[in-house]
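In what follows, a single structure is set out as structure tokens and then discussed.
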Amino acid sequence: MSIAQPTKVRTWTPDTLRTGPSKDDRGLLGQPRGLPWMLNVEMWERFSYYGMRAILLFFITDNIANGGLGIDENTGAVILAVYGAAVYLLSIPGGIFADRVIGPWRSSLYGGVVIMAGHLCLSVPMESLAWAGIVLVAVGTGFIKPNLSTIVGGLYDQGDPRRDTGFQLFYMSINVGAFASPLVTGWLRETYSYHAGFAAAAIGMAFALVAFVYGRSKLSAFAFDIPNPLRSDERDRLLLLSLGSAAGIGLVTWALYWILGTLTDAIGYTVFVIALGSSIAYFVIMFRSPKVTSPERTHLRAYISLWIGAVLFFMIFEQASGKMATFSKDFTDGKTPFGWVISPEAYQSVNPAVIVLLAPLVGWFFSRRTGRAIPTVIKFAAAVLIVGLSAVMMGYGFQSWTGGTDLAPWWFLALVFIVQTVGELFLSPVGLSTTTALAPKSFASQAMVLWLLASATGQGLAAVVIANTEEISDATYYYGLGVVTIVVAVAIFAAAPWTQRQMADIGASPSAG
């Protein structure tokens, strides 16, 4: 007896919801009418996220008398790394709930509400609410992160030539929010308090929710579909699996706490183990599945080295709000020859500003270099090498300027951020397309999860490394990361011919991105 396959269901349908072809939906700049509202949502959501992240480490490590939590800087850096990893890990259940339970629009809406609640908790000067706020922001971001871009993609039918332009505008909105928010929350923190900065992040999220709800009737039906709804028997299994996973995570955390002696280290190890274990499990399942063909297994073998490179890249790159934030506050003289002073938070705006300025140039370089495209594996290797060199630069910075009256010039840290951003432009634009190109057809979604897990694993690894290097200097820490990462980059370069041969039968391999 055959079992009926689940069909798409719709949770809600506004009267003016677009149901016709996307080519007939034209609004601002000739794009679908719903796009400007989703751009507003993304801009304000990123304003909220990056604004909170710009001051979070300073809040955690500042004295209680100054409104902080009074935690030491090394533990604070571990917490920031764990927080970043958790955001990416939580995007997995966020995607599952959207695909199988509530649809992408409701998932994004609920995620935004949870994020705003988290920022409101952080805006209240109470320690217990502060920790609750950090958890809520991580959970909410996990629900909105994988689904908002899905809603934007649903505005365009297959073959709609406006799709690339739409996502370019979407990417620009991310960087506008990421650029402005550290400047605003940093000024509020310095002028008023940390809690004023967190309140601004809450207001930013409120603007995002208003735009999201107002623009709902201008979206396509896709935003409200549940593409693979759970059957009744599957709901019970999902509930049991969720409860079992939560219990297992709690048990592992308790066991590690008993072994390690500190809750922060135990949570850091738990997050890293979950991220790495999930990644290995995905690889093993795909390699062993009878649905995966022999050529697809060859592609997966090629992807392993790229995935490892991405892990190391994100391990260093995502410490911008951790140890690099400490360097900006305690080891950098922000005085410029132009008469204005760069605040510690303002350095977080360098990355999005440089992306906006350099992205067209890097894209032109990739497409015009001697008339030939640069192979994907070379881009990955170059990105890992560049971020390794940036770690060496940070090691030199911590070694050369020791704080107090011995401070680095204002431009040094800005230069490190610029170098890292160049590396990001080499890696991030091709990461998703390469993952899609190399993914087995039967595991396309799981392969995309692997890309998210690369960042989660990298940040989880950073948390573990930071927790175990408390006794060494920050200079030695960064030198060590730099050397290891550069060695791996050289290995990826050396293996590039073999890797390219494994990818030779797919059109994207020589020139993905």
Side-chain angles (χ1 to χ4, degrees), residues 8-51 91 94-95 97-99 101-120 137 140-158 160-181 200-227:
K8 293 190 295 183
V9 300
R10 190 163 297 152
T11 57
W12 173 74
T13 306
D15 292 338
T16 57
L17 190 68
R18 193 200 87 202
T19 56
S22 66
K23 63 183 178 62
D24 297 333
D25 183 8
R26 293 187 175 272
L28 185 66
L29 301 177
Q31 292 290 325
R33 293 176 304 119
L35 182 64
W37 298 103
M38 295 306 101
L39 298 184
N40 269 279
V41 174
E42 183 66 7
M43 181 186 70
W44 285 112
E45 190 275 328
R46 291 291 87 183
F47 177 96
S48 168
Y49 176 78
Y50 284 105
S91 66
F97 269 79
D99 286 344
V101 182
I102 57 178
W105 190 86
R106 286 179 180 264
S107 181
S108 298
L109 176 67
Y110 298 156
V113 171
V114 172
I115 289 172
M116 187 172 70
H119 289 314
L120 289 174
V137 173
T141 305
F143 270 74
I144 201 172
K145 186 177 182 66
N147 293 306
L148 195 56
S149 57
T150 299
I151 293 173
V152 172
L155 293 172
Y156 304 91
D157 296 336
Q158 288 292 332
D160 191 327
R162 299 173 299 166
R163 177 186 293 268
D164 287 348
T165 301
F167 271 100
Q168 287 172 359
L169 293 171
F170 186 74
Y171 189 59
M172 189 67 67
S173 69
I174 293 174
N175 288 292
V176 170
F179 172 78
S181 55
I203 292 171
M205 196 64 239
F207 281 133
L209 288 172
V210 170
F212 192 62
V213 173
Y214 182 83
R216 68 191 186 278
S217 62
K218 298 174 177 59
L219 301 176
S220 68
F222 176 83
F224 304 93
D225 287 341
I226 303 175

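Any value given below was found using the heavy atoms of this structure, including those in side chains, with hydrogens, waters and symmetry copies removed. We're numbering straight along the sequence, starting at 1.
Heavy atoms only, all atoms of each residue included: Lys218 and Leu155 are closest at O-CD2, 4.4 Å. Closest non-hydrogen pair, Leu169 versus Leu35, comes out as CD1-CD2, 4.1 Å. Among all heavy-atom pairs drawn from Ser48 and Ile115, the shortest one is OG-CG2, 3.8 Å. Contact record, Gly111 with Phe143: CA-CB, 3.9 Å, taken as the closest heavy-atom pair. Taking every heavy atom of both residues into account, Phe170 and Leu39 meet most closely at CA-CD2, 3.4 Å.
Contact annotation: the side chain of Thr141 approaches that of Glu45 to within less than 4.5 Å [non-hydrogen atoms, C-beta and beyond].
One distance of note links CZ of Arg46 with CD1 of Ile174; it measures 7.0 Å at 0.5 Å rounding. The CE atom of Met172 sits 12.5 Å away from the CZ atom of Phe179 when rounded to the nearest 0.5 Å.
Applying the side chain to side chain donor-acceptor pair (under 3.5 Å) rule to Ser181 yields no partners; only residues at least two apart in sequence or on another chain are considered. With sequence neighbours excluded, the residues satisfying side chain to side chain donor-acceptor pair (under 3.5 Å) with Ser107 are Asn147. With sequence neighbours excluded, the residues satisfying side-chain contact (heavy atoms from CB on, under 4.5 Å) with Ala202 are Met116, His119, Leu120. Every side-chain contact (heavy atoms from CB on, under 4.5 Å) that Val213 has, sequence neighbours left out, goes to Leu109, Arg216. Shown here are the side-chain contact (heavy atoms from CB on, under 4.5 Å) partners of Ala211, two or more places apart in sequence or in another chain: Trp37, Asn40, Val41. When the side-chain contact (heavy atoms from CB on, under 4.5 Å) test is applied to Tyr110, the partners found at least two apart in sequence or on another chain are Ile102, Arg106.
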| query | Please walk me through it: do Trp44 and Ile203 pass side chain to side chain contact (heavy atoms under 4.5 Å, CB included)? | reply | CA-CA 9 Å; Trp44 285 112; Ile203 292 171; over 6 Å; no

key: Residue pair Leu219, Met38: steps toward the side chain to side chain contact (heavy atoms under 4.5 Å, CB included) verdict   = CA-CA 9 Å; Leu219 301 176; Met38 295 306 101; 4.0 Å; yes

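By the 30° and 60° cut-offs, the orientation of the rings of Phe224 relative to Trp105 is tilted.
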